[in-house]
2 protein chains.
Amino acid sequence: MPPERFPIPQGTLDMLILQILSLEPAHGYAIAQRIEQISRQVVQVGQGSLYPALHRLEQKTWLRSEWRESETGREAKFYSLTRTGRQQLAREKESWDRLTAAVRLIFDQGE
Amino acid sequence: MPPERFPIPQGTLDMLILQILSLEPAHGYAIAQRIEQISRQVVQVGQGSLYPALHRLEQKTWLRSEWRESETGREAKFYSLTRTGRQQLAREKESWDRLTAAVRLIFDQGE
DNA sequence: ATCGATGCATCGACCTTCGACATATAAGCA
DNA sequence: TGCTTATATGTCGAAGGTCGATGCATCGAT
């Protein structure tokens, strides 16, 4: 039985995309693949979520895009993290840590 | 400076409500207070989120409601967890653990 | 008499996720 | 040749949840 898949909470995808790009630039298709692969298919990234997210993030100037040749020799749009994008990632990571800590508190309370 | 508040991801609130009610029945207002207090104000629960969530959960038969007298002597609607609600809480907890583990994987990758 | 806390509820705006669909090229295979 | 799969980008509408504003009502305290 494959691992259960469930919807990823609103806002989480942006953070994961920024994180993937914090290592090196990549095109959309590769970003989605890496998220799914590293998370062992727990996080699924549909194309209907991926591309709007990328455009959203570029709109906010957290990403910059550039057409380049992909590993397969085809044209693809490579995204890279901007300076403000890196700052945003730090902010979102901190929020995430605070949230998970808070949820942990609520779960552990009463035990 | 008060701790930063940020929106709670979609779906998370339901889980927290179920968790609070897993200890003992409570009315809506108290549920919100406990979530905020235990999380040290990190998780904020507006009434525009709270009551729709409670109705949603009751609709799904994960909660049952009953008018009773509150601690202050006033009438309030007390919610209690049903058997299926308890099962649902277990499922959501597991999903949450899987998600946070997956996000952790993505964050730690490359270090 | 007014204010803050208690308590329930609805409304519209806003945003994200999701599945379906569309398009195009390249590689592999029957 | 024709079919399928993988690569690669994108849009669309439906669905769902969060949020701030607003409304109503009671109670105790100042």
Side-chain angles (χ1 to χ4, degrees), chain A residues 4-18 25-37 39 42-60 62-63 65-79 92 95-96 99 103, chain B residues 4-18 25-37 39 42-60 62-63 65-79 92 95-96 99 103:
Chain A
E4 189 191 350
R5 33 194 316 245
F6 54 96
I8 95 177
Q10 211 160 318
T12 310
L13 178 58
D14 293 19
M15 181 177 67
L16 296 181
I17 290 174
L18 294 177
H27 57 264
Y29 195 82
I31 294 172
Q33 278 187 326
R34 286 179 205 174
I35 290 177
E36 296 186 351
Q37 180 209 335
S39 75
V42 170
V43 180
Q44 306 272 330
V45 185
Q47 305 176 339
S49 307
L50 175 67
Y51 291 108
L54 289 172
H55 300 158
R56 198 159 63 225
L57 295 172
E58 191 176 14
Q59 198 85 24
K60 293 179 180 168
W62 295 337
L63 302 184
S65 70
E66 180 194 5
W67 286 97
R68 285 219 302 269
E69 194 174 300
S70 82
E71 318 78 40
T72 66
R74 302 168 59 179
E75 284 295 298
K77 202 191 266 186
F78 278 73
Y79 289 91
E92 296 199 11
S95 287
W96 176 260
L99 173 68
V103 170
Chain B
E4 190 190 351
R5 33 195 315 243
F6 55 96
I8 96 176
Q10 211 161 312
T12 310
L13 178 58
D14 292 21
M15 180 177 66
L16 297 182
I17 290 174
L18 294 178
H27 57 264
Y29 195 80
I31 294 172
Q33 278 187 325
R34 285 178 205 175
I35 290 177
E36 297 186 351
Q37 179 210 335
S39 74
V42 170
V43 180
Q44 305 273 331
V45 185
Q47 304 179 339
S49 307
L50 175 67
Y51 293 108
L54 288 172
H55 300 159
R56 199 159 60 227
L57 294 171
E58 191 175 15
Q59 198 85 27
K60 292 178 179 171
W62 295 336
L63 302 185
S65 71
E66 179 194 5
W67 285 96
R68 284 220 301 268
E69 195 174 301
S70 82
E71 318 77 40
T72 66
R74 302 169 57 180
E75 283 296 297
K77 203 192 264 182
F78 277 74
Y79 290 92
E92 295 198 12
S95 287
W96 176 261
L99 173 67
V103 170

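Each chain gets a letter, A, B and so on, in the order the sequences are listed, and its residues count up from 1.
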Peer 1: For the pair B:Leu50 and B:Tyr29, evaluate side-chain contact (heavy atoms from CB on, under 4.5 Å) and give the outcome as yes or no after the intermediate values.
Peer 2: CA-CA 8 Å; B:Leu50 175 67; B:Tyr29 195 80; 5.8 Å; no

Peer 1: For B:Leu50, report the nucleic acid contact type (base, sugar-phosphate, nothing); a contact means any heavy atom under 4.0 Å.
Peer 2: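 Nothing, no heavy atom under 4.0 Å.
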
Peer 1: Which of these nucleotides, C:dA9, C:dA24, C:dC8, is closest to any side-chain atom of B:Tyr79?
Peer 2: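 Given the options C:dA9, C:dA24, C:dC8, the side chain of B:Tyr79 is closest to C:dA9.
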
Peer 1: A:Ile31 has an atom CD1; how far is it from atom P of D:dT7, in whole Å?
Peer 2: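 So the two atoms are 15 Å apart, to the nearest Å.
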
Peer 1: Mind calculating the distance between CD (B:Glu69) and P (C:dC8) to the nearest angstrom?
Peer 2: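 Spelled out: CD on B:Glu69 to P on C:dC8 is 14 Å.
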
Peer 1: Just to confirm, is there a sub-4.0 Å distance from OP1 or OP2 of C:dT6 to any side-chain nitrogen or oxygen of B:His27?
Peer 2: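 Checking B:His27 against C:dT6: no side-chain N or O falls below 4.0 Å of OP1 or OP2.
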
Peer 1: Heavy atoms, side chains only, cut-off 4.5 Å: are A:Leu99 and B:Pro9 in contact?
Peer 2: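 Yes. Closest side-chain heavy atoms under 4.5 Å.
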
Peer 1: Compare side-chain N and O positions of A:Thr72 against OP1 and OP2 of D:dA8 and report whether any pair is under 4.0 Å apart.
Peer 2: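 True: A:Thr72 side-chain N/O within range (under 4.0 Å) of D:dA8 OP1/OP2.
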
Peer 1: So what does A:Gly48 hit on the nucleic acid, given a heavy-atom distance under 4.0 Å: a base, only sugar-phosphate, or nothing?
Peer 2: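 If one applies the 4.0 Å heavy-atom cut-off, A:Gly48 turns out to touch a base.
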
Peer 1: Find out whether A:Ile31 and A:Leu54 are in side-chain contact, i.e. whether some heavy atom of one side chain is under 4.5 Å from a heavy atom of the other.
Peer 2: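 SC-SC contact between A:Ile31 and A:Leu54 confirmed.
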
Peer 1: What is the separation between atom CD on B:Gln59 and atom P on D:dG16, rounded to the nearest whole Å?
Peer 2: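 Going from B:Gln59 (CD) to D:dG16 (P), I get 12 Å.
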
Peer 1: A:Lys77 side chain: which of C:dC8, D:dT7, D:dG10 is closest?
Peer 2: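 The listed nucleotide nearest to A:Lys77's side chain is D:dG10.
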
Peer 1: Where each residue is assigned the nucleotide of DNA chain C containing its nearest heavy atom, which of B:Leu54 and A:Pro52 is assigned the position nearer the 5′ end?
Peer 2: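 Looking at DNA chain C, the more 5' nearest nucleotide goes with B:Leu54.
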
Peer 1: Does A:Gln59 have more than 12 heavy atoms from other residues, nucleotides or ligands lying within 6.0 Å of its CD?
Peer 2: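 No.
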
Peer 1: Search all heavy atoms of A:Asp14 against all heavy atoms of A:Arg56 and return the closest pair with its distance.
Peer 2: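 Smallest heavy-atom distance, with atoms named: OD1-NH2, 2.7 Å.
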
Peer 1: Please determine whether any donor N or O and acceptor N or O are separated by less than 3.5 Å between the side chain of A:Gln47 and the base of D:dA8.
Peer 2: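 Per atom types, no contact qualifies.
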
Peer 1: Counting C-beta onward and ignoring hydrogens, is there a side-chain heavy-atom pair between B:His27 and B:Glu75 closer than 4.5 Å?
Peer 2: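 No, their side chains stay 4.5 Å or more apart.
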
Peer 1: Would you mind telling me which of C:dT17, C:dC8, C:dA26 lies closest to the side-chain atoms of A:Arg74?
Peer 2: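 Within the option list, the nearest is C:dA26.
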
Peer 1: Measuring to OP1 and OP2 of C:dT17, would you say a side-chain N or O of A:Arg56 lies under 4.0 angstrom away?
Peer 2: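 Indeed, a polar side-chain atom of A:Arg56 lies that close.
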
Peer 1: In this structure, how many angstroms lie between the P atom of C:dG19 and the CG atom of A:Leu13, rounded?
Peer 2: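 Going from CG in A:Leu13 over to P in C:dG19 covers 13 Å.
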
Peer 1: Starting from P on C:dA24, measure out to OH on A:Tyr29 and report it in whole angstrom.
Peer 2: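 After rounding, the reported distance stands at 18 Å.
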
Peer 1: Rounded to the nearest Å, what distance is computed from the CD1 atom of residue A:Ile8 to the P atom of nucleotide D:dG16?
Peer 2: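 After rounding, the gap between these two atoms is 18 Å.
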
Peer 1: Distance check: side-chain N/O of A:Ser70 vs OP1/OP2 of D:dA8, anything under 4.0 Å?
Peer 2: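 For D:dA8, OP1/OP2 do have a side-chain N/O of A:Ser70 under 4.0 Å.
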
Peer 1: Given atom CH2 of B:Trp67 and atom C1' of C:dT6, what is their separation to the nearest angstrom?
Peer 2: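 From B:Trp67 CH2 to C:dT6 C1': 13 Å.
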
Peer 1: To the nearest Å, how far apart are B:Phe78 CZ and C:dG7 C1'?
Peer 2: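 Checked: the CZ to C1' distance equals 11 Å.
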
Peer 1: Within the 4.0 Å heavy-atom criterion, would you say A:Gly11 contacts the bases, only the backbone, or no part of the nucleic acid?
Peer 2: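 Sugar-phosphate, no base atom in range.
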
Peer 1: Using OP1 and OP2 only, check whether a side-chain N or O of A:Ser49 sits under 4.0 Å from C:dC18.
Peer 2: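 Yes, A:Ser49 has a side-chain N/O under 4.0 Å of OP1/OP2 on C:dC18.
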
